[in-house]
Every structure is written in structure tokens, then in C-alpha cells.
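What follows is a short report on a single structure.
Note that ligands are numbered from 1 as they come in the structure, with each ligand's atoms numbered from 1 the same way.
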Amino acid sequence: MILLVEVLLELDLPADEPFAADRCGACRRCLEACPTRCILPDRTLDASRCISYLTIEGRGAIPGALRESVGDWLFGCDVCQSVCPWNARFGRPTADPAFAARPILAAPKPADWLSLSQEEFSARLRGSPLKRARRAGLARNAAVVAGNLRRPADVPALGHALREDPSPLVRAHAAWALGRIGDAPARRWLRQALPLELEAGVRSEIHAALADGAEGPG
Ligand code: SF4
Ligand code: SF4
């Protein structure tokens, strides 16, 4: 796997040559495995559709047309790296404890992230790159994951996020996820939140979620 890093020095170092060798040949595995098909045949990347961009760097809503493709990726996406034969051949798990997952990251559940306060988020992720997505960004991602997993067990956490989260971004994605689950409790949370919600963007997500499940249960 490739880990991108940057080291800032005061030294005037000579630049090395650009990497020009073609090590891909006829392989197209990463193009075909990419969930959003954002790796283009000319070997450029449409970053606006990359799940790593959308779930880490993107500060706004994840476009509706791409949410299903996010699947259960909470933070970033490694599909293109995982399928690359170079990684399969040479990549080895590290025993360095500095790279070991923290307990909250070992088996993350969407509900864990939806209910984190800003204080808990800062304390648990101190020093972690996951902080880059910020609390609202990770809660937004957790809502999308919950909407894709469609587990009724996530409905209470999504409902509380829709009713109480201070971020309209989180509330909007929680509404979408409740619409995807679409069972009677999910629709009850949506109906109860509608008269209390003042943000137009969140209201429109609630309306869309209720309309999507109009023929479903509840
Ligand atoms: S990180 Fe995921 S979404 Fe982004 S280019 Fe790779 S496979 Fe595609
Ligand atoms: S999977 Fe690896 S070797 Fe294959 S095209 Fe992508 S980067 Fe190249």
C-alpha cells in the first residue's frame, strides 16, 4: 500500500526524476473495481466522485447519486489499492503498533459515530488522521453507511441525529438514511422531525425520504 507523507526541511535538496515507468501494462483492475468509476481510462481521476475525497476532504453533502456507491466505507476507500496486483504481491501487514486500530476503530458501527459529541470526538481521535473529516463529516458518513446497510437497529441513532444534531449536514444525511431503511419506526422519526426542522435543505431531504417510502411499510 502507498502512504502519502510530506516532510518539511530547511535543506536545499536536488529533485529526483519524475516516475515515468509504466507498471500497469494492460491491467484495468482498479478502473473496473472502483465503486464510483472515477478512475478514468486516461489514468486521471475524477476526484469529485472519489469516495476518499467525498468522505474525508469534502465538507458538503455527499451527492445523492453517489451515496449508494459509498457502501460501508466510513472514512476513505481502499478498493483501488486492494485490487492492485502490485499490492497483492508485495503488501504485507505491519506489526508496528503505531498503525494498530484503536478500539473504537476496530469494529466501528454507524451508531457509534452518530452519537459522538464534539468533546468525545476530540478525545477519542486525538492524533488520528480521522479527525480530518471532522465530527460532522464522520457523522454524515456514518449516516450514509447506515442507509446502505439498512439495519433497523440503526434507526434510533439516526432518529436522534435527525432530531438533535447541531449540524444540518448530519440531519440531512440522517433523513436520507431513515428513508432508505423505510420501516415504520424510521418513518415515524421522519414525520416527527418535519414540523421541528427549520433548514430548507434538511426539510427537502425529509420530504424526499418520506416520498421514497410512500408505498413501503409504515
Ligand atoms: S479510493 Fe475508491 S472511489 Fe477513490 S479512486 Fe480508489 S476505488 Fe475509486
Ligand atoms: S490495479 Fe494497479 S497495476 Fe492495475 S491498472 Fe490499477 S494501478 Fe495499474
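- The protein heavy atom nearest to atom 4 (Fe) of ligand 2 is Cys27 SG, 2.3 Å.
- Formation of a donor-acceptor pair under 3.5 Å by the Asn141 side chain with backbone atoms of Phe75 is not found in this model.
- The number of heavy atoms from other shown groups lying within 6.0 Å of OH (Tyr53) does not exceed 12.
- Applying the 4.0 Å criterion to heavy atoms of Ile39 picks out, from ligand 1, the atoms 5 (S).
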- Message: salt bridge (charged side-chain N to carboxylate O under 4.0 Å, His left out) for Arg135 and Asp165? Distances and angles first, verdict last.
- Response: CA-CA 11 Å; Arg135 183 206 69 86; Asp165 198 286; 2.9 Å; yes
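- Shown in contact with Val79 at under 4.0 Å from a heavy atom are these atoms of ligand 1, numbered in order with element: 7 (S).
- Looking from atom 8 (Fe) of ligand 1 to the surrounding protein, the closest heavy atom is Cys34 SG, 2.4 Å.
- Looking only at protein heavy atoms, the nearest one to atom 3 (S) of ligand 1 is Ile51 N, 3.2 Å.
- Set against the non-hydrogen atoms of Ser52, the atoms of ligand 1 under 4.0 Å away are 1 (S).
- For atom 6 (Fe) of ligand 1, the set of nearby N, O or S atoms under 2.8 Å includes none belonging to Cys77.
- For ligand 2 and Trp86, the ligand atoms under 4.0 Å from any heavy atom of the residue are 3 (S).
- Here the side chain of His173 pairs no donor or acceptor atom with the backbone of Gly147 at under 3.5 angstrom.
- Contacts with ligand 1 closer than 4.0 Å are made by no heavy atom of Cys30, backbone or side chain.
- If you number the atoms of ligand 1 from 1 as listed, the ones under 4.0 Å from a heavy atom of Pro35 come out as 7 (S).
- Look at Asp22 and Arg43 and you find a salt bridge, because one of the NZ, NE, NH1 or NH2 atoms lies within 4.0 Å of a carboxylate O, short of that distance.
- Residues Glu68 and Arg180 are paired through a salt bridge, judged by an N-O separation under 4.0 Å between the basic side chain and the carboxylate.
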- Could you give me the CA-CA distance, side-chain angles and deciding distance for Trp113 and Leu74, then say whether side-chain contact (heavy atoms from CB on, under 4.5 Å) is met? CA-CA 9 Å; Trp113 300 99; Leu74 180 74; 3.2 Å; yes
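- Proximity to Leu45 (heavy-atom distance under 4.0 Å) selects the following atoms of ligand 1: 5 (S).
- Ranking the protein heavy atoms by distance from atom 7 (S) of ligand 1 puts Cys80 N, 3.4 Å first.
- The shortest heavy-atom contact between Ala136 and Leu169 is O-CD2, 4.4 Å.
- When every heavy atom of Asp154 is checked against every heavy atom of Ala146, the shortest pair comes out as OD2-CB, 4.0 Å.
- The contact set between ligand 2 and Cys84, taken as ligand atoms under 4.0 Å from a residue heavy atom, comprises 1 (S), 2 (Fe), 3 (S).
- Neither the backbone nor the side chain of Asp78 has a heavy atom within less than 4.0 Å of ligand 1.
- Residue contact annotation: Cys50 places no N/O/S atom under 2.8 Å from atom 8 (Fe) of ligand 1.
- Ser69 places no side-chain N or O within 3.5 Å of a backbone atom of Thr36 that could act as its donor or acceptor partner.
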